[in-house]
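Heads up, the thing below is written out as structure tokens.
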Amino acid sequence: MNRLRESIHDAPVVERDGYRYLVHPVSNGIPTLDPKLMREVVNGLLRLVDFEDADVIVTPVTMGVHVATALSLTTDVPLVVIRSREYGFDDEVPFEHPDGEYYLNDVTAGDDVVVVDDLVNTGQSIAAIVEAIDDVGANLVDVACVLRRVESRDDLVDVDVKSLLEVSVTADGVDVLDDASH
Ligand SMILES: O=P(O)(O)OC[C@H]1O[C@H](OP(=O)(O)OP(=O)(O)O)[C@H](O)[C@@H]1O
Ligand SMILES: Nc1ncnc2[nH]cnc12
């Protein structure tokens, strides 16, 4: 059974400032995240992403962390979380993110990096992260997310993002466009 696809149809949609927000266990932490769904997500991403030679998995706060943690536990690839708080370490790299200033730590030149997030919509967040990783001289191996909203796909500049499920959130509900999760 494809739990991820089913979970999309069960997910509530709330409207916030004219933006349709899909409330999904993976991308919001509510409704309750079933471990079986999480396992399916992890197994799907393991098939999609090349972790073989990765030195580090990078994810931004907040809702990419549990996905990246599960992948780190499964692959033994260490994890770095991009924070919105400054720690002041020597190699800390501040960068502009759509949500304000973010900080990349512990990724250095030559590292092979896999970027993971729960959801990509406009791609602006991912684009900022990829630029920061490029600026420190690290190599981008793969960028992957669980859910890809396609409404704003055209805003995404020059970043190849793999996703388990492409979804469209319309006034009539949520459509699944492409499913790579099984
Ligand atoms: O492709 P974009 O349009 O840039 O949007 C994608 C970002 O939005 C979500 O984070 P959100 O801002 O909801 O923050 P959160 O993870 O702290 O909930 C998601 O986790 C991505 O990081
Ligand atoms: N966490 C999220 N859930 C649903 N839609 C989103 N669009 C951007 N972030 C989102």
Side-chain angles (χ1 to χ4, degrees), residues 4-34 37-38 41-42 44-45 48-49 56-72 79-86 93-105 107 113-134 140 142-179 181:
L4 186 59
R5 178 182 275 266
E6 283 201 354
S7 70
I8 291 298
H9 295 295
D10 295 341
V13 175
V14 296
E15 201 144 335
R16 206 180 275 164
D17 302 326
Y19 178 75
R20 279 187 215 98
Y21 213 79
L22 174 68
V23 187
H24 183 273
V26 171
S27 64
N28 298 92
I30 53 172
T32 308
L33 177 53
D34 183 343
L37 170 60
M38 193 62 195
V41 163
V42 168
L45 289 171
L48 211 59
V49 177
V56 62
I57 298 170
V58 170
T59 191
V61 287
T62 304
M63 292 309 299
V65 175
H66 55 301
V67 179
T69 302
L71 288 166
S72 176
L79 169 69
V80 161
V81 177
I82 292 175
R83 301 297 311 264
S84 54
R85 172 184 300 162
E86 185 174 13
V93 177
F95 65 98
E96 288 309 313
H97 180 276
D99 293 337
E101 191 145 60
Y102 271 37
Y103 301 87
L104 177 66
N105 278 278
V107 175
V113 180
V114 171
V115 176
V116 171
D117 208 350
D118 59 317
L119 178 143
V120 171
N121 182 33
T122 65
Q124 288 174 2
S125 167
I126 282 295
I129 291 164
V130 166
E131 194 178 326
I133 286 167
D134 196 47
L140 191 65
D142 251 329
V143 181
C145 63
V146 179
L147 300 177
R148 177 79 172 95
R149 284 186 71 162
V150 298
E151 291 90 344
S152 311
R153 183 202 290 277
D154 291 346
D155 297 347
L156 184 64
V157 198
D158 220 15
V159 182
D160 186 18
V161 180
K162 293 178 176 174
S163 61
L164 283 186
L165 215 58
E166 290 187 351
V167 299
S168 171
V169 186
T170 71
D172 300 328
V174 188
D175 294 327
V176 173
L177 287 98
D178 194 25
D179 185 345
S181 65

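All ligand and atom numbering here is 1-based and tracks the order in the structure. Note that the coordinates shown come from a computational prediction; the quantities given were computed from them, not determined experimentally.
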At a non-hydrogen distance cut-off of under 4.0 Å, which region of R149 contacts ligand 2 (side chain, backbone, both, or neither)?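 It is the side chain that gets close, since no backbone atom is under 4.0 Å.
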Between V169 and ligand 2, which residue portion shows a heavy-atom distance shorter than 4.0 Å: side chain, backbone, both, or neither?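 Under 4.0 Å from ligand 2, V169 contributes no heavy atoms.
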Mind checking whether F95 and Y102 have parallel, tilted or perpendicular rings, split at 30° and 60°?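 Ring orientation, 0 to 90° scale: perpendicular.
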Please write down residue, atom name and distance for the protein heavy atom closest to [atom].
atom                    : result
atom 22 (O) of ligand 1 : D117 OD2, 2.6 Å
atom 4 (O) of ligand 1  : S125 N, 2.9 Å
atom 7 (C) of ligand 1  : L119 O, 4.0 Å
atom 10 (C) of ligand 2 : L119 CD2, 3.6 Å
atom 19 (C) of ligand 1 : D118 OD1, 3.3 Å
atom 3 (O) of ligand 1  : T122 OG1, 2.6 Å

If you measure every N/O of [X] against every N/O of ligand 2, is any gap under 3.5 Å?
X    : result
L22  : yes
D118 : no
Y19  : yes

How close do [X] and [Y] get, heavy atom to heavy atom, and via which atoms?
X    : Y    : value
V174 : V167 : CG1-CB, 4.0 Å
V23  : N28  : CA-OD1, 3.4 Å
T170 : E151 : N-OE2, 4.4 Å
V65  : P60  : CG2-O, 4.2 Å
P98  : S125 : CG-N, 3.8 Å
I126 : V161 : CG2-CG2, 4.2 Å

Considering only heavy atoms of N28, which atoms of ligand 2 have at least one such atom less than 4.0 Å away?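 Per the distance check, 1 (N), 3 (N).
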Does the residue G123 have a heavy-atom contact with ligand 1, meaning some pair of atoms that are separated by less than 4.0 Å?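 In this structure, G123 qualifies as a contact of ligand 1 - some heavy atom is under 4.0 Å.
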Min heavy-atom dist V120 to ligand 1 below 4.0 Å: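 Yes; V120 lies near enough to ligand 1 that a heavy-atom distance drops under 4.0 Å.
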Interatomic spacing from CD in E86 to OH in Y103 - rounded to 0.5 Å: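 With rounding to 0.5 Å, CD (E86) is 4.5 Å from OH (Y103).
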Nearest 0.5 Å, what's the NE2-CE distance between H66 and M38?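 Separation between the atoms: 5.0 Å.
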So if I count the atoms of ligand 1 from 1 in the order they appear, which ones are less than 4.0 Å from some heavy atom of [X]?
X   : result
D99 : 12 (O)
Y21 : 13 (O)
M63 : 16 (O), 18 (O)
T62 : 15 (P), 16 (O), 17 (O)

Are the side chain of S72 and the backbone of T69 linked by a donor-acceptor contact shorter than 3.5 Å?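 No, S72 side chain to T69 backbone: no donor-acceptor pair under 3.5 Å.
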Measure from [atom] to the protein's non-hydrogen atoms and state whether any distance is below 4.0 Å.
atom                    : value
atom 1 (O) of ligand 1  : yes
atom 9 (C) of ligand 1  : no
atom 12 (O) of ligand 1 : yes
atom 17 (O) of ligand 1 : yes

Verdict with supporting geometry, T59 and V67, side chain to side chain contact (heavy atoms under 4.5 Å, CB included): CA-CA 9 Å; T59 191; V67 179; over 6 Å; no
As a quick check of understanding, evaluate side chain to side chain contact (heavy atoms under 4.5 Å, CB included) for L119 and M63, giving each step before the final call. CA-CA 8 Å; L119 178 143; M63 292 309 299; over 6 Å; no
Using a cut-off of 6.0 Å, state whether more than 12 heavy atoms not belonging to E131 lie near its atom CD.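 No - once you tally the heavy atoms of other residues, nucleotides and ligands closer than 6.0 Å, there are 12 at most.
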